[in-house]
Amino acid sequence: MSKEINILNSNRTEVADAESLRQLDFIDKAKEYVSSLEKELGRKPRACVVTFGCQMNARDSEKLLAILKLVGYEETESEDAEFVIYNTCTVRDNADQRVYGRLGQCSNYKKKNPHMKIALCGCLIQEQSAVEKIQKSYRFVDLLFGTHNIYKFAELLCTCLESDRMIIDIWKDTDKIVEDLPVLRKYPFKSGVNIMFGCNNFCTYCIVPYVRGRERSRSPKDIIKECEKLAKDGVKEVMLLGQNVNSYGLDFKDDDPNRISFPQLMEEVCKVEGIERVRFMTPHPKDLSDELIEVIKRNPKIARHIHLPLQSGSTEILRRMNRKYTKDSYLALVDKIRRELPDVAITTDIIVGFPGETREDVDDTIDVVKKAAFDNAFTFIYSKRTGTPAASFENQVPEAEVKENFDRLLKVVQDTAREQAEKYTGNEEFVLVEGVNEHDRGLVTGRMSNNTLVHFPGDEEMIGSFVKVKLLECHGFYYMGQMV
Ligand code: 5AD
Ligand code: SF4
């Protein structure tokens with residue numbers, strides 16, 4: 001649940017573009033609808049935002065929640081509410097299944113609550129087959145929209161509150177970036193900042209380019225303005241978000257003064273007064289530049305953490321994934337990072353069971369895990385996504401074989417991560433305190449620059465501040481520490 005109401009940009013005098021002003025008019029209109037519903041119910045109507053998937057979706061959900069609160073809903077984490085919205089993900093099939101499962105349960109609330117509206121948005125809704133399925137089997141859904149027109153949420157909400165029909169508004173693509181809409185942050189002290197949308201890489205297993213469209217970068221001016229606003233509002237840590245941040249700015253024309261590189265953008269963000277830590281997610285190994293490594297090196301504000309998705313350690317599988325690097329070039333890049341930035345933690349994503357993957361291919365992946373000594377790795381079982389090239393590749397790997405390879409890999413990943421984590425014992429590190437420990441109220445939990453969690457004695461007052469902590473004991477993926 002969001003702890004603080006930090007509604008940025010709901011003030012008309014600060015809003016520049018015409019579309020945002022139009023949406024503010026719809027916010028006013030929705031306020032009237034929600035206020036009459038409040039009179040009818042004798043209490044504030046409740047709204048619940050359920051988020052699946054990545055950091056991008058989490059950021060989008062903050063925008064949805066801001067609008068719902070602005071128009072008069074009370075936030076709740078229960079789907080027993082007057083407005084429920086699922087912000088969906090479709091990167092793997094299990095994400096889809098979780099959405100349908102939750103939706104099925106939600107229909108029971110709707111049977112008992114005539115005022116209830118159910119909405120779905122996000123990546124899954126960009127797939128035509130999903131929309132058809134919902135139209136056929138989930139008739140009780142009131143509103144469907146995709147990733148490209150989320151900025152129109154206030155308008156769609158009004159339409160939905162005015163109508164009893166299922167409202168569907170899905171765009172194939174967009175070149176539009178609407179700035180200056182309200183955002184409600186989940187944490188008062190840290191925030192994601194979108195720097196670009198979409199992806200042009202077309203890795204053969206991945207649905208993202210089809211559901212999030214082509215790369216569109218936000219102008220550096222708008223990004224810096226947002227960071228300055230956040231800093232003024234008490235945010236100390238920002239995470240710059242994009243599917244492939246290395247391509248930032250490449251969509252601007254050569255002579256466009258906006259055309260700066262991602263490392264240059266990071267340097268500018270580091271200059272924002274009040275922003276003490278800058279993270280980024282995700283760079284692609286094919287084009288992580290020396291300039292980026294240099295910029296990280298000379299900017300202590302940039303977090304000592306690089307998430308560098310490997311996907312596979314087999315050069316042949318990487319070729320068929322269209323990743324545009326090889327086992328050796330990936331390892332050479334990791335070597336360079338470890339040499340130039342010895343205190344940086346490297347984490348990764350790995351897929352097991354890509355079509356045609358053999359035991360030997362997985363041995364190559366395991367070899368990379370050992371040599372790269374990842375600080376952590378997210379391992380996924382390949383999920384066939386209709387419409388992607390890999391879905392029609394021959395030699396889909398039998399489930400039992402995938403499972404065996406997955407388990408073999410997971411063991412090495414866990415052993416490596418444990419060994420890596422231990423090496424910081426005895427260090428003194430600055431951590432940003434994120435909250436009181438749920439299991440022991442005498443402890444607080446913070447994050448080191450390299451993203452590792454640390455628990456140590458402290459109190460609520462410390463939330464949102466940086467403190468120096470000595471790392472006393474490593475417990476696998478987290479440390480127990482003591483303030484110094
Ligand atoms: N199957 C399994 N994992 C996938 N990912 C992306 N697409 C698929 C898929 N079809 C993983 C990749 C990516 C992460 C966000 O999700 O590892 O880096
Ligand atoms: Fe998908 Fe590849 Fe783009 Fe990442 S870089 S979103 S894996 S297509």
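All ligand and atom numbering here is 1-based and tracks the order in the structure.
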A.B. asks: Which bit of F380 gets closer than 4.0 Å to ligand 1, counting heavy atoms only: side chain, backbone, both or neither?
C.D. replies: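 Side chain only.
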
A.B. asks: Between S383 and ligand 1, does any nitrogen or oxygen pair lie at a separation below 3.5 Å?
C.D. replies: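 Yes: some nitrogen or oxygen of S383 is under 3.5 Å from one in ligand 1.
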
A.B. asks: My understanding is that only residues two or more places apart in sequence, or in another chain, count here; which of them pass side-chain contact (heavy atoms from CB on, under 4.5 Å) with Q128?
C.D. replies: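 With sequence neighbours excluded, Q128 shows a side-chain contact (heavy atoms from CB on, under 4.5 Å) to E132, given in chain and number order.
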
A.B. asks: Tell me whether ligand 1 is touched by I381 - counting only heavy atoms on the residue side and a distance under 4.0 Å.
C.D. replies: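 The answer is yes: ligand 1 sits under 4.0 Å from a heavy atom of I381.
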
A.B. asks: Numbering the atoms of ligand 1 from 1, which are under 4.0 Å from a heavy atom of V91?
C.D. replies: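 Under 4.0 Å from V91, ligand 1 has these atoms: 6 (C), 7 (N), 8 (C), 9 (C), 10 (N).
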
A.B. asks: Which ligand 1 atoms are under 4.0 Å away from a heavy-atom of R385?
C.D. replies: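 It comes down to these atoms of ligand 1: 10 (N).
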
A.B. asks: Which of the numbered atoms in ligand 1 are under 4.0 angstrom from any heavy atom belonging to Y382?
C.D. replies: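 In order of number, 1 (N), 2 (C).
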
A.B. asks: Which ligand 1 atoms are under 4.0 Å away from a heavy-atom of Q311?
C.D. replies: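 Every atom of ligand 1 under 4.0 Å from some heavy atom of Q311: 12 (C), 13 (C), 17 (O), 18 (O).
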
A.B. asks: Using a 6.0 Å cut-off, check whether atom CD of E438 has over 12 heavy atoms from anything other than its own residue.
C.D. replies: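 Not more than 12 within 6.0 Å, no.
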
A.B. asks: Spell out, as yes or no, whether a donor-acceptor pair under 3.5 Å connects the side chain of R59 to the backbone of G192.
C.D. replies: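 Answer holds: yes.
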
A.B. asks: Identify the residue among T348, V352, D349, I350 that makes a side-chain contact (heavy atoms from CB on, under 4.5 Å) with Q311.
C.D. replies: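 When side-chain contact (heavy atoms from CB on, under 4.5 Å) is applied between Q311 and each of T348, V352, D349, I350, only D349 qualifies.
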
A.B. asks: Checking ring pair (Phe, Tyr, Trp, His ring centres under 6.0 Å) for the pair F380/F406: CA distance, chi angles, key distance, verdict?
C.D. replies: CA-CA 8 Å; F380 304 108; F406 184 86; 8.8 Å; no

A.B. asks: Could you list the atoms of ligand 1 found under 4.0 angstrom from a heavy atom of I351?
C.D. replies: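 Answer for ligand 1: 3 (N), 4 (C), 5 (N), 12 (C), 17 (O).
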
A.B. asks: Partners of F197 by ring pair (Phe, Tyr, Trp, His ring centres under 6.0 Å), sequence neighbours excluded?
C.D. replies: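 Result, ring pair (Phe, Tyr, Trp, His ring centres under 6.0 Å) vs F197: none returned.
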
